[in-house]
Amino acid sequence: MSVVNALGERIVRCPACGQDSVYAASNPYRPFCSARCKGIDLGAWASEEFRMPADAPPDDDPFGDPKRQ
């Protein structure tokens, strides 16, 4: 849930740290509260902490082996 401050800007929860963040053009890091939180999130994506589940073959199983199909 978001609230509105005195300037009419929405205040949302920062996805990285949970603190209040201004969701407006005045905040270049939106929806994050700071460059630090934005960098933490980018680092999590780069290190593959956020992944979509996929049905992948086991590492010891050759991928696309026609004999196994």
Side-chain angles (χ1 to χ4, degrees):
M1 180 176 194
S2 62
V3 294
V4 178
N5 67 7
L7 299 174
E9 300 167 325
R10 284 189 345 169
I11 305 295
V12 296
R13 178 173 285 172
C14 175
C17 70
Q19 298 296 319
D20 288 346
S21 175
V22 176
Y23 193 81
S26 62
N27 179 6
Y29 309 111
R30 67 183 178 270
F32 303 100
C33 64
S34 65
R36 178 182 174 275
C37 285
K38 188 174 183 178
I40 289 170
D41 186 74
L42 178 62
W45 280 103
S47 66
E48 298 182 355
E49 288 179 35
F50 300 134
R51 289 183 282 196
M52 297 298 294
D55 295 330
D59 289 338
D60 59 344
D61 211 15
F63 182 73
D65 187 1
K67 295 176 188 174
R68 304 198 97 193
Q69 293 179 355

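Quick note: residue numbers are just sequence positions, from 1. Please read all numbers here as calculations on a predicted model, not as lab measurements.
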Closest non-hydrogen atoms of A44 and S47, given as atom of the first, atom of the second and distance, are O-OG, 3.3 Å
Sequence neighbours excluded, the answer for side chain to side chain donor-acceptor pair (under 3.5 Å) partners of E48 is none
For residues 30-42, tabulate all N or O donor-acceptor pairs below 3.5 Å that involve a side-chain atom, not counting sequence neighbours.
residue	atom	partner	partner atom	Å
R30	NH1	A24	O	2.9
R30	NH1	N27	O	3.3
S34	OG	R36	N	3.4
S34	OG	C37	N	3.3

Note: with side-chain heavy atoms under 4.5 Å as the link, the other cluster members for F50 come out as W45
| field | Connected via hydrophobic side-chain network under 4.5 Å: V3 and V22 | value | yes
